[in-house]
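Atom set for the values below is all heavy atoms of this structure, side chains included, hydrogens, waters and symmetry mates excluded. Naming: A, B, ... by sequence-line order, numbering from 1 per chain.
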Amino acid sequence: MNVTPAIVGNDPAPRLNRAAIAKRAARDLVDGSTVNLGIGIPALCADFLPNGVELLYHAENGILGFKELSAPGEGDPNLMDAGGKFPKLVPGMAFFDSVESFNLIRGGHIDVTVLGALQVSRNGDLANWMIPKRGIGSIGGAMDLAANAKRVVIAMEHTARGDITKIVNECTFPLTAPGCVDEIITDIAVIKIDRENGRMILRETAPGWSFADVQARTEVTLDTVGEVGLMA
Amino acid sequence: MNVTPAIVGNDPAPRLNRAAIAKRAARDLVDGSTVNLGIGIPALCADFLPNGVELLYHAENGILGFKELSAPGEGDPNLMDAGGKFPKLVPGMAFFDSVESFNLIRGGHIDVTVLGALQVSRNGDLANWMIPKRGIGSIGGAMDLAANAKRVVIAMEHTARGDITKIVNECTFPLTAPGCVDEIITDIAVIKIDRENGRMILRETAPGWSFADVQARTEVTLDTVGEVGLMA
Amino acid sequence: MRVKTQRSVSDIHRKDRTIWLAVPINKISNSFADAVADIPSGASIMIGGFGGAGGQPTRLMMALRELGVGDLTIIGNVAGISKTTGYGWPDHLYPIDQGMFFESGQATKIICSFPVPGTTNPLSEIEKAWREGNAQVDIVPQGTLIERIRAAGAGIPAFYTPTGVGTPVAEGKEHREFNGRTYLLEQALTADFALIRAQKADARGNLQYIGTSRAFNPAMATAAKVTIVEVDEIVEIGGIDPERVGTLSTYVNRIVQREAGDPLP
Amino acid sequence: MRVKTQRSVSDIHRKDRTIWLAVPINKISNSFADAVADIPSGASIMIGGFGGAGGQPTRLMMALRELGVGDLTIIGNVAGISKTTGYGWPDHLYPIDQGMFFESGQATKIICSFPVPGTTNPLSEIEKAWREGNAQVDIVPQGTLIERIRAAGAGIPAFYTPTGVGTPVAEGKEHREFNGRTYLLEQALTADFALIRAQKADARGNLQYIGTSRAFNPAMATAAKVTIVEVDEIVEIGGIDPERVGTLSTYVNRIVQREAGDPLP
């Protein structure tokens, strides 16, 4: 293990909360897309879709077209999502088995997946299923999604506890899939990955955060293309 | 091509008709089995099941549990069997797609298939999809069935037009599957194939037919084990 | 547009959305001609069903014939035998099958499992074209054909099957033993377009099939670059039981509804 | 016997048969204990569902625990995380999951995709057994796991998948390029027994599923030597819509019906 702490000072401004990260990730989701949201921050995207955007949510356990969750105590165990929560029955849903569910994923039919990450490397390698020191982890559908979705977006906190950088030159954690990540949305920045050239391009920063502030918390040397925008 | 005509004289007695071949084949079908019947003589087996025997008929196009056909003019194009005929809707049927249908076949879940043949060899090779001189043929589900059903029974006329033997030392026609046939039921004999030892064992003859009569119309040298019975 | 554009019942719980789901509207074609209009010469085209009238996208096929493009590769199952044998068609109707593209000279190749009937009298259009050297015919065992199509949709580039070992279809293919049995390597089969048939579509593109009309349709829907579906009826979202969705809307690009009372099955 | 033995409606058209279909009667077990009684120590056992209460054969699992046989290999998906996290269980119920076989020391191995939750507080039974060196845990990507199970039932000994390339799961596996992309060879996964859950069985053994309770159940039904199903209801032949049969009777060996009003989901 070779986790390099970034050189950091105090934060120049508050970081976005989990909901705000999800809201920024949700802004890029295109109406009508078939989307799989991972657990945690990614799942919150559903609460922040722009006006006029409706997505077809897919969950690995065999459901397409679910929307909000049932009220506490009213869930039906036979109508679950992949996070183990119970959505409501709504018109237009479809139920299917795990074979079909992973045909959809492996076959490249998922337009976007939003996932969490432990580490993302400069060429888009993703590690999100096991912390090495624990020695055991859970893959679930993450490897299939990361390797096969048309677009892989990471929504996560920019650093781990102790300001350990998660955006690294090379992942030191076991990979979920190599070269798969298209974009990273964090609590301080939006970073696009130019996989062909192994470059990370800073697109936006959180309010009050400069390029230098983000760079200080990022192991990978960041590029810019044109102006750096403001996350909103 | 090297089709050897058998040395024959006049028939010693009438050969069984197609219905009688089917009836004899039907006698060995075990209650509750999942069965796929090929077109022609095999399909007739369904009309001659012994008392108390009910089979689950499978057809490649995605149906299990059909029984008799609709009256002429009353068939539903959406309720077809693999022969292009229209069974009636009966309780207990199941409809499924071709993927599932061939999982059932390829996965070895068909208990018995009864098929027609152009040639069967002493070690159980089956040829039933193309006549070489035509140069084009139709495989359909025959290769999957022949290679993967738990038991493959051939129901056919013993010889081709001109008393050409169809039970041969080596098939000269393109194979459907090698070493797959368990038993042959013809209009003059019942022959079991001992594939491990490459032997054909004559089990029964049609009324009025002797071992020698059948042998004269069979390229393969036939064995017997115990008494040769009478087809009925 | 045959679909009503009023807000669907699925909108009841939505608060902040003003535009009704845009995607399903865009999937509906106004005519069979429109739905196939961009199919170019040289395209590979899966045609659904099993063979016979049930589950066959007959109106889409007729539109493709009308379009007139050529050098087509057709991928089907039982192919071109209904016209001369009546296979899978009710007695009183004149059968239509994939042979039409060989009769018209539009197709130069077919990949299928059952291209000719037992009899040669009269010759099927496919056998006729083949005999005249105008058509390549690739005969694939049916289970291998459907699994290859399924594999294309499922992201499986290749798989091993026991079917075909020791037969002419094994020629030139990799053989490999697993647990003492020999298998063939078979590769995924995709296409530019899939023309399929279902009983119902909802406005989003979920499809419901009936009876034995499933056959090759659901797998083909997943395997082609563009999937075009002919349905008897388009219903509102919610008009298909979620337990009965046979093809997910994600796979469907275009939907065309038949005329009510169309006499063709 | 919970099934009525009167002649079914399917007998209406039969003339010459005096014995009512023998097979379905033989498939029905009188109790969960009976249904699992012949599972020996050392067996490999698929347990259906996804993880969580829906689609899990909970009563069969409890009977297997009661049986007490050991050295079991369990094959599941999300495994053993409900007890400590409540995953997939309604709030008011005490969750039951595959961890029970590790708590009891009956299982020595699990093949699954999701054996531990994110948190280690408290430790799941599987992680506890693994940390103590009492359990082997094989972690397989979910899509690969279900496809391996499906392959076993479908007569496919091995297939190539893009999932897992460049990760620890690729170690020791054949890599191969198709059309410029690298894939892994993965092999079929079978088992001695499958314990699965469905909503309904008919007396012949056709199964109907509901909602997201399908998950791993239909594929597992095809992949094991013996398939045992726990259902809420056994109905007469004809009691399941032929369009809604999710598992064909051919795959089902034993059926057990739950008590009416069983409080467990």
Specify which of [options] makes the most heavy-atom pairs with chain D at under 4.5 Å.
options                          : answer
N148(A), I63(A), L79(A)          : N148(A)
A177(A), G84(A), A59(A)          : G84(A)
G83(A), G73(A), G179(A), G140(A) : G140(A)

Taking atom [atom1] of [X] as the centre, report whether more than 12 heavy atoms of other residues, nucleotides or ligands fall under 6.0 Å from it.
X       : atom1 : answer
I131(A) : CD1   : no
K23(A)  : NZ    : no
E170(A) : CD    : no
L69(A)  : CG    : yes
K192(A) : NZ    : yes

Problem - Heavy-atom donor-acceptor pair, T212(D) side chain to M80(A) backbone, under 3.5 Å - result: yes
Exercise for the section: Return yes if some donor-acceptor pair links the side-chain N/O of R106(A) with the main-chain N/O of G143(D) below 3.5 Å, else return no. Expected result: yes
Would you name the heavy atoms of [X] and [Y] that are closest together and state the gap between them?
X       : Y       : answer
T167(D) : T176(A) : CG2-O, 3.2 Å
G166(D) : P178(A) : CA-CG, 4.1 Å
P77(A)  : P265(D) : CG-CB, 3.8 Å
Y87(D)  : A82(A)  : OH-O, 2.6 Å
I139(A) : F114(D) : C-CD1, 4.3 Å
S98(A)  : F216(D) : OG-CD1, 3.2 Å

Which atoms of [X] approach chain A - backbone, side chain, both or neither, heavy atom under 4.5 Å:
X       : value
V137(D) : side chain
R148(D) : neither
F50(D)  : side chain

Under 4.5 Å from any heavy atom of chain D - which part of [X]:
X       : result
S70(A)  : neither
E100(A) : neither
N103(A) : side chain

Below 4.5 Å, heavy-atom pairs only: which of [options] has the largest tally toward chain A?
options                           : value
A219(D), P90(D), G246(D), A53(D)  : P90(D)
T120(D), L145(D), V78(D), I126(D) : T120(D)
A170(D), S113(D), P115(D), G52(D) : S113(D)
G86(D), G88(D), P168(D)           : G88(D)
A79(D), G49(D), C112(D), P117(D)  : P117(D)
R150(D), E147(D), Q56(D)          : E147(D)

With rounding to the nearest 0.5 Å, note down the distance linking [atom1] in [X] to [atom2] in [Y].
X       : Y       : atom1 : atom2 : result
I81(D)  : S138(A) : CD1   : OG    : 6.5 Å
T144(D) : F102(A) : OG1   : CZ    : 9.0 Å
N217(D) : D97(A)  : CG    : CG    : 9.5 Å
D232(D) : N78(A)  : CG    : CG    : 7.5 Å
F86(A)  : W89(D)  : CZ    : CH2   : 9.5 Å
E60(A)  : N77(D)  : CD    : CG    : 9.0 Å

Handout entry: Non-hydrogen side-chain atoms of P218(D) and V99(A) separated by less than 4.5 Å
Key = no
Exercise for the section: Test I136(A) against I139(D) for side chain to side chain contact (heavy atoms under 4.5 Å, CB included), laying out the working first. Expected result: CA-CA 9 Å; I136(A) 192 169; I139(D) 307 166; 4.2 Å; yes
Exercise for the section: Please test R134(A) against V116(D) for side chain to side chain contact (heavy atoms under 4.5 Å, CB included), starting from the C-alpha separation and ending with a verdict. Expected result: CA-CA 11 Å; R134(A) 185 167 174 190; V116(D) 293; 3.5 Å; yes
